[in-house]
Amino acid sequence: MLNQLYKVYSTLKKEYCVEDWWPVYDGREPFTEISVGAILTQNTNWNNVEKALKHLISKDLITLESIKNADKKIIEELVKPAGFYKRKSETIKEFADRVYGRKNIDRELLLSIKGIGKETADSILLYALNKPVFVIDAYAKRLFSRLGYISEDISYDNLQSFFHKNLEKDVTLFQEYHAGIVEHCKSICKKKPLCENCPLKDFCKYKKQEISPTSQIHKQQEGF
DNA sequence: GGCCAGGACACCA
DNA sequence: TGGTGTCATGGC
């Protein structure tokens, strides 16, 4: 299993641009920019996030201090293209208020901020703080359940520990793996994940065992 | 015009 | 604990 997971990773790495994957447009305060991007990207296309981020950058609202001191209504207007703008602007404000001036930012702190759940917190930890935490998202669940390695209704925590148990805790590995999953699902996985053109078709458990994806549910612990 | 996107949360049973 | 409704914009 270990080898299999690493082989999937190296295939993704070969097929897609996964290095320095999380975009930074301004760069004055990458931690803040990445964190705000993680909040804005909740259930939203990255194109919309990019617009909102560039609006914030154009008004110099891309540092913790400037966001902390900004009027919430201004933030609302700027992040509108990313959708859910009232909730997201509130979360961004609370994030800046709570994180500004702190040296130790951990998962517990991030999860205590209204509007930041596990996926967003882990994205911040992995990409903004370079902590070895595997980010689970809808794509990861979709891809690995279709490959047959996990049940499609697996919980966030179970899928995360699946990766933590089977991979070495390495920041670059986790960053690039998640990037590869996202890029793969955005391009191919959406419709026919295991079609003839799919670079991951050789890793499909169903194909090897000739089991229909809908006829068998694999439990997280089974077979690993 | 409908569907979906790199979720989170409140509410209810 | 799990299911459902809500939040909202923009691209295809």
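Values below: every heavy atom of this structure, side chains too, minus hydrogens, waters and symmetry copies. Given the structure is predicted, the values throughout are model-derived calculations rather than measurements. Residue numbering restarts at 1 for every chain, and letters A, B, ... go by the order of the sequence lines.
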Separation between the P atoms of B:dC3 and C:dT6, rounded to whole Å: 16 Å
If we take the P atom in both C:dA8 and B:dG1, what is their distance in whole Å? 23 Å
Side chain to side chain, A:Asp202 and A:Thr11, heavy atoms closer than 4.5 Å: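 A:Asp202 vs A:Thr11: side chains apart.
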Please report, rounded to the nearest Å, how far the [atom2] atom of [N] is from the [atom1] atom of [X].
X: A:Arg87; N: B:dC9; atom1: CZ; atom2: C1'; value: 6 Å
X: A:Arg142; N: B:dA5; atom1: CZ; atom2: C1'; value: 9 Å
X: A:Ile39; N: B:dG7; atom1: CD1; atom2: P; value: 14 Å
X: A:Ile92; N: B:dG7; atom1: CD1; atom2: P; value: 15 Å
X: A:Tyr156; N: B:dA8; atom1: OH; atom2: C1'; value: 13 Å
X: A:Lys86; N: B:dC9; atom1: NZ; atom2: P; value: 19 Å

Assess the residue pair A:Tyr16 and A:Trp21 against the criterion (ring-ring contact (aromatic ring centres under 6.0 Å, His included)); give the C-alpha distance rounded to whole Å, side-chain angles, the decisive distance to 0.1 Å, and a yes or no. CA-CA 10 Å; A:Tyr16 308 101; A:Trp21 173 73; over 10 Å; no
Scan [X] against the nucleic acid and name what it touches under 4.0 Å (heavy atoms): base, sugar-phosphate only, or nothing.
X: A:Leu111; result: nothing
X: A:Asn47; result: nothing
X: A:Ile181; result: nothing

Is the shortest side-chain N to carboxylate O distance from [X] to [Y] below 4.0 Å?
X: A:Glu76; Y: A:Lys80; answer: no
X: A:Asp26; Y: A:Arg28; answer: yes
X: A:Lys131; Y: A:Asp106; answer: no

Would you indicate which nucleotide in B:dC9, B:dA8, B:dA5 comes nearest to any side-chain atom of A:Lys114?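 For A:Lys114, the side-chain atoms sit closest to B:dC9.
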Check every nucleotide of DNA chain C for an atom under 4.0 Å from a heavy-atom of chain A, then give the first and the last such nucleotide from 5' to 3'.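 With heavy atoms of chain A under 4.0 Å away, the range is C:dT6 to C:dG11.
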At less than 4.0 Å, is any side-chain N or O atom of A:Thr120 found next to OP1 or OP2 of B:dA8? Yes or no. yes
Using the closest heavy atom to pick a nucleotide of DNA chain C for each, name whichever of A:Lys51 or A:Tyr85 lands nearer the 5' end.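 On the 5' side of the pair lies A:Tyr85.
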Would you confirm whether A:Glu15, through its side chain, and A:Pro199, through its main-chain N or O, come within 3.5 Å as a donor-acceptor pair? no
Nearest nucleotide by nearest heavy atom, which residue falls closer to the 5' end of DNA chain B, A:Ala38 or A:Gly115? A:Ala38
If you count the non-hydrogen atoms of other residues, nucleotides and ligands that lie under 6.0 Å from NZ in A:Lys13, is the total more than 12? yes
